[in-house]
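These notes concern the structure reproduced below.
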Amino acid sequence: QVQLVESGGGLVQAGGSLRLSCVASGRTFSSYTMGWVRQAPGKERAFVAAISWKSVDITYYSDSVKGRFTISRDNAKNTVYLQMNSLKPEDTAVYYCAVSSRLLADAASWYDYWGQGTQVSVSS
């Protein structure tokens with residue numbers, strides 16, 4: 001199985017920045033996409049961003065974060081990052097790192113393994 005450990009969440013004022021990290025371990029050889037999915041209180045999980053893992057860097061972002069968030073990877077460290085800039089209160093959610101066996105996974109339902117989540121809170 002794949003184990004995912006997120007870190008980097010916290011409390012930040014609107015307009016601020018945070019950088020999330022996710023370290024993967026275990027049977028990662030079948031993973032083709034690394035992504036981030038978030039869940040706000042009382043809401044369903046929503047796709048945030050994804051990056052290809054076994055090919056050239058191909059990224060995809062939800063419309064709500066496009067231009068503000070940047071996903072990146074470090075294959076040597078089995079780590080994926082999410083740089084979040086210009087944070088808004090509506091970005092407040094638990095952010096989950098996830099992996100998918102699909103080459104393209106731009107929906108939460110396409111992910112196979114999940115981390116424990118890290119809380120991101122943005123105050124106005």
Q) Any chain of hydrophobic side-chain contacts (each under 4.5 Å) joining Y95 to Y113? A)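 Both belong to a single hydrophobic cluster.
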
Q.
Membership question, hydrophobic clusters at under 4.5 Å side-chain separation (ILVMFWY): are M84 and Y81 in the same one?
A.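 Unlinked, Y81 and M84 end up in two clusters.
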
Q.
Can you tell me if E90 has over 12 outside heavy atoms packed within less than 6.0 Å of its CD?
A.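 More than 12 heavy atoms, drawn from other residues, nucleotides or ligands, come within 6.0 Å of this atom.
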
Which heavy-atom pair separates [X] from [Y] by the least distance, and what is that distance?
X: G8; Y: L18; value: O-CD2, 3.9 Å
X: A24; Y: L4; value: CB-CD2, 3.5 Å
X: Y61; Y: I71; value: OH-N, 2.8 Å
X: L82; Y: A49; value: CD1-CB, 4.1 Å
X: S86; Y: D91; value: O-OD2, 4.4 Å

Can you tell me how far apart [atom1] ([X]) and [atom2] ([Y]) are? Round to the nearest 0.5 Å.
X: N75; Y: M34; atom1: CG; atom2: CE; result: 9.0 Å
X: N78; Y: W53; atom1: CG; atom2: CH2; result: 5.5 Å
X: S64; Y: R38; atom1: OG; atom2: CZ; result: 4.5 Å
X: S123; Y: Q13; atom1: OG; atom2: CD; result: 5.0 Å
X: Q119; Y: L11; atom1: CD; atom2: CG; result: 9.5 Å
X: F69; Y: T59; atom1: CZ; atom2: OG1; result: 14.0 Å

Q) How does the hydrophobic cluster around Y60 look, that is, which other residues are in it when side-chain heavy atoms under 4.5 Å mark a link? A)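 Reading the cluster by chain and number, Y60 sits alongside V37, F47, V94, Y96, Y111, W114.
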
Q) With a 4.0 Å cut-off, would you call K66 and D63 a salt bridge? A)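 Result for this pair is yes, salt bridge flagged.
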
Q | 4.5 Å side-chain heavy-atom contact, W36 and E6 | A |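 Heavy-atom side-chain distance check passes, below 4.5 Å.
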
